[in-house]
Novice: 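Take this structure, written in structure tokens, and hold onto it; I'll ask about it next.
The structure displayed is predicted, hence computed values, not measured ones.
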Amino acid sequence: MQLYSTNKISVNVGFEEAIFRGLPPDNGLYMPLSIPKLPQLFWDNVENLSLQEIAFEICNVLIGDDIPTEDLKSLVDQAINFEAPPVVQIKENIYCLELFHGSSMAFKDFGARFMAAVMSYFLKKSQKSINILVATSGDTGGAVAQGFFEKDNISVTILYPEGKVSNIQEKQLTTLGKNIKALEIDGTFDDCQALVKKAFLDENLRDRFNLASANSINIARLIPQSFYYVAAYAALKKLGKKYVFSVPSGNFGNLTAGILAIKMGMPATTFIAATNINNVVPEYLESGIYSPISPSKSTISNAMDVGNPSNFPRLKALFGGNLSEMKKQLIGCFFDDDQTREGIKELYESYSYLTCPHSAIAYLGLKEYLNENQDTVGVFLSTAHYAKFLPEMESTLGFSPDIPDRLASLLNKTKVAVSMANDFEDFKSYLNQNLI
Ligand SMILES: *Cc1c(COP(=O)(O)O)cnc(C)c1O
């Protein structure tokens, strides 16, 4: 696979270089130069394929030239060592795609596990070591920590905004130890993201260390997120309807991966870009004006508190920069915290279904759309387990829902994190002392 930079200044690179660089030198984002369609035979037969088979076929057309077939097969089997995520029927034409059954109980496990597997594969061949730098607004950190834990020759540094991630999320990224280090930054998620971006552009650091990103800006995070859209389509294909996916969005990696699946030939599907009040993309779809929100606003769906979505240039590129093309496939909507709480309550009271604040926003967006498109089957993506947001669930529902054992045992572990001001020089000096 050849990749270009969305800023069109940096030269094209191959897959291996793109995943280790993370960002092109011109500060754009890497995008595949061409996105091949999967053969018709694949789509005709997709309902008979396992998640691993779907994943392999997608990888094979995208990166089959970069990794020999047998290696790619074992890599996919290692990264995707679980069943297809359940597609749960909530009511007649509303389904929930539950993406929270992985090791950190959020959909980011897909991207992180796959990326860790791909990086280990290439590092083993080249006998090099790397440092992963990653900013998290909550769930990225846990998924990356789990995905990369104890991987040889990889050190992971996670930046998170102090007081802005949930207790369980914080424990997920501060209790593993070994090759996983956590920095607690006095600032917002956008500040964390800016520090990481700056480190990647810093020549001194680049000369001294091998740096790599693990945010959804990394192309190796993006590709595996297309697998579950195709698996969900396969599960519902027999209904023979038009489909709509409602995606709770922050940095828009998840939704961009869905559009990637469309470009690879996934039939008849509309997407809903559902956000909280950090509604930059819904506003753009409405007005054609892209105006980042800085600083981002804090909400109860904090993994989506993003004021300048990092994947937006990719999303634009997938539609050739053409707003009216984008609007044919993509519908924007946004909801505030009160509406989000109503969504959580409604799902529980009407359908006995517990859902996290992020997923509730996707549900609300879907419901709105289906009111006017009754012939369509809707799937909202549930991006995290509700128990990761317990205080919010308790205050919204008036009782404390059960926590899975895996999360409960985390709460007794001791947090280890380094506190730091939002200051690049402090960050740089930490990196100089701690990277491998
Ligand atoms: C990261 C995250 C999102 C947003 O996903 P993007 O790919 O950044 O748009 C939504 N929900 C949860 C629970 C998340 O962790």
Novice: Could you grab the distance from atom OG1 of Thr269 to atom CD of Gln329, nearest 0.5 Å is fine?
Specialist: 7.5 Å
Novice: Answer yes or no for Lys73 and Phe56: cation-pi contact, defined as NZ/CZ to six-membered ring centre under 6.0 Å and angle to ring axis within 45°.
Specialist: yes
Novice: Would Ile180 and Ile158 count as a side-chain contact (heavy atoms from CB on, under 4.5 Å) here? Give the steps.
Specialist: CA-CA 8 Å; Ile180 311 294; Ile158 300 170; 3.8 Å; yes
Novice: Keeping the roles fixed (side chain from Arg221, backbone from Ala214), state whether a donor-acceptor pair exists under 3.5 Å.
Specialist: yes
Novice: Identify the heavy atoms of Ile132 and Ser213 that sit nearest to each other, and give their distance.
Specialist: CG2-C, 4.3 Å
Novice: Looking only at the aromatic ring of each residue, does the gap between the centers of Tyr30 and Tyr4 stay below 6.0 angstrom?
Specialist: no
Novice: Apply side-chain contact (heavy atoms from CB on, under 4.5 Å) to residues Thr355 and Tyr386 and explain how you reach the verdict.
Specialist: CA-CA 5 Å; Thr355 194; Tyr386 64 81; 5.8 Å; no
Novice: Does Asp66 use its side chain to pair, donor to acceptor, with the backbone of Met1 at less than 3.5 Å?
Specialist: yes
Novice: Does a side-chain heavy-atom distance below 4.5 Å link Val244 with Ile272?
Specialist: yes
Novice: Is the backbone of Val165 close enough, under 3.5 Å, to the side chain of Asn302 for a donor and an acceptor to pair up by distance?
Specialist: no
Novice: Taking the side chain as every heavy atom from C-beta outward, state whether Met105 and Leu407 have any pair of such atoms under 4.5 Å apart.
Specialist: yes
Novice: Using the test salt bridge (Lys or Arg N to Asp or Glu O under 4.0 Å), find all partners of Glu150 that sit at least two apart in sequence or belong to another chain.
Specialist: Lys178
Novice: Is there a donor-acceptor pair under 3.5 Å between the side chain of Lys171 and the backbone N or O of Lys413?
Specialist: yes
Novice: Between Tyr290 and Phe312, is the ring centroid distance below 6.0 Å?
Specialist: yes
Novice: Under 4.0 Å between a side-chain nitrogen and a carboxylate oxygen: does that hold for Glu203 and Arg206?
Specialist: no
Novice: Would Asp77 and Ser74 count as a side chain to side chain donor-acceptor pair (under 3.5 Å) if you check the C-alpha gap in whole Å, the side-chain angles of each, and the deciding distance to 0.1 Å?
Specialist: CA-CA 5 Å; Asp77 287 344; Ser74 68; over 6 Å; no
Novice: A cation-pi test, strictly: NZ or CZ of Lys181 under 6.0 Å from the centre of the six-membered ring of Tyr430 and no more than 45 degrees from its axis. Yes or no?
Specialist: no
Novice: Kindly assign one of parallel, tilted or perpendicular to the pair Tyr228 and Phe110, based on the angle between their ring planes and the thresholds 30° and 60°.
Specialist: perpendicular
Novice: Are Glu325 and Lys328 close enough, and set up right, to give a salt bridge (charged side-chain N to carboxylate O under 4.0 Å, His left out), and what steps lead you there?
Specialist: CA-CA 5 Å; Glu325 284 302 309; Lys328 282 184 202 159; 2.7 Å; yes
Novice: Checking side-chain contact (heavy atoms from CB on, under 4.5 Å) for the pair Val196/Val134: CA distance, chi angles, key distance, verdict?
Specialist: CA-CA 7 Å; Val196 167; Val134 57; over 6 Å; no
Novice: If you draw a 6.0 Å radius around NZ in Lys263, do more than 12 non-hydrogen atoms from other residues or ligands fall strictly inside?
Specialist: yes
Novice: Check whether any side-chain heavy atom of Met115 lies under 4.5 Å from a side-chain heavy atom of Asn218, and answer yes or no.
Specialist: yes
Novice: Are the side chains of Lys316 and Tyr284 in touch, meaning some heavy atoms are under 4.5 Å apart?
Specialist: yes
Novice: ring-ring contact (aromatic ring centres under 6.0 Å, His included) between Tyr353 and Tyr348: does it pass, once the steps are laid out?
Specialist: CA-CA 5 Å; Tyr353 190 73; Tyr348 181 68; 9.8 Å; no
Novice: Taking the six-membered ring where the residue is Trp, are the ring centres of Phe114 and Phe227 under 6.0 Å apart?
Specialist: yes
Novice: With a 4.5 Å limit on heavy-atom distance, are the side chains of Trp43 and Tyr233 in contact?
Specialist: yes
Novice: For Lys238, is there an ion pair with Glu47 - N to carboxylate O distance below 4.0 angstrom?
Specialist: no
Novice: Is it the case that atom CG in Asp423 sees more than 12 heavy atoms from other parts of the structure closer than 6.0 Å?
Specialist: yes
Novice: Does Ser246 use its side chain to pair, donor to acceptor, with the backbone of Ala362 at less than 3.5 Å?
Specialist: yes
Novice: Is the count of non-hydrogen atoms from other residues, nucleotides or ligands lying under 6.0 Å from Asp405 atom CG greater than 12?
Specialist: no
Novice: What I want to check is whether the side chains of Ser10 and Ser5 have a donor and an acceptor closer together than 3.5 Å.
Specialist: no
Novice: Taking all non-hydrogen atoms of both residues into account, name the closest pair between Pro309 and Gly250 and its distance.
Specialist: CB-O, 3.4 Å
Novice: Is the backbone of Ile436 close enough, under 3.5 Å, to the side chain of Asn131 for a donor and an acceptor to pair up by distance?
Specialist: yes
Novice: Any salt bridge linking Lys164 with Asp305? Criterion: basic side-chain nitrogen under 4.0 Å from a carboxylate oxygen.
Specialist: no
Novice: For the CD atom on Gln127, are there more than 12 heavy atoms of other groups (residues, nucleotides or ligands in this structure) within a distance under 6.0 Å?
Specialist: no
Novice: Taking side chain as C-beta onward, heavy atoms only, is Ile344 less than 4.5 Å from Pro357?
Specialist: yes
Novice: Do Ile361 and Asn276 come close enough that some side-chain heavy atom pair is under 4.5 Å?
Specialist: yes
Novice: Is Lys125 salt-bridged to Glu16, going by a charged N under 4.0 Å from an acidic O?
Specialist: no
Novice: Work out which heavy atom in Thr136 is nearest to a heavy atom in Thr140; give both atom names and the distance.
Specialist: OG1-N, 3.2 Å
Novice: Check the pair Asn311 / Thr256 against side chain to side chain donor-acceptor pair (under 3.5 Å), numbers first and verdict last.
Specialist: CA-CA 7 Å; Asn311 277 288; Thr256 301; 4.8 Å; no
Novice: Are any side-chain N or O atoms of Ser301 and backbone N or O atoms of His358, one a donor and one an acceptor, separated by less than 3.5 Å?
Specialist: no
Novice: Under 6.0 Å between the ring centres of Phe271 and Tyr229?
Specialist: yes
Novice: Is there side-chain contact between Pro36 and Leu62, with at least one heavy-atom pair below 4.5 Å?
Specialist: yes
Novice: I'd like to know whether CZ of Phe334 has more than 12 heavy-atom contacts from other residues, nucleotides or ligands below 6.0 angstrom.
Specialist: no
Novice: Could you tell me whether the side chain of Asp191 and the main chain of Thr188 form a donor-acceptor pair under 3.5 Å?
Specialist: yes
Novice: So, does Arg113 use its side chain to make a donor-acceptor pair with the main chain of Gly147 at under 3.5 Å?
Specialist: no
Novice: Can Lys388 and Ser104 be said to form a side-chain contact (heavy atoms from CB on, under 4.5 Å), step by step?
Specialist: CA-CA 9 Å; Lys388 296 183 86 174; Ser104 80; 4.2 Å; yes
Novice: Can you tell me if Leu41 has over 12 outside heavy atoms packed within less than 6.0 Å of its CG?
Specialist: no
Novice: Any side-chain to backbone donor/acceptor pair from Glu17 onto Asn12? Under 3.5 Å, distance only.
Specialist: no
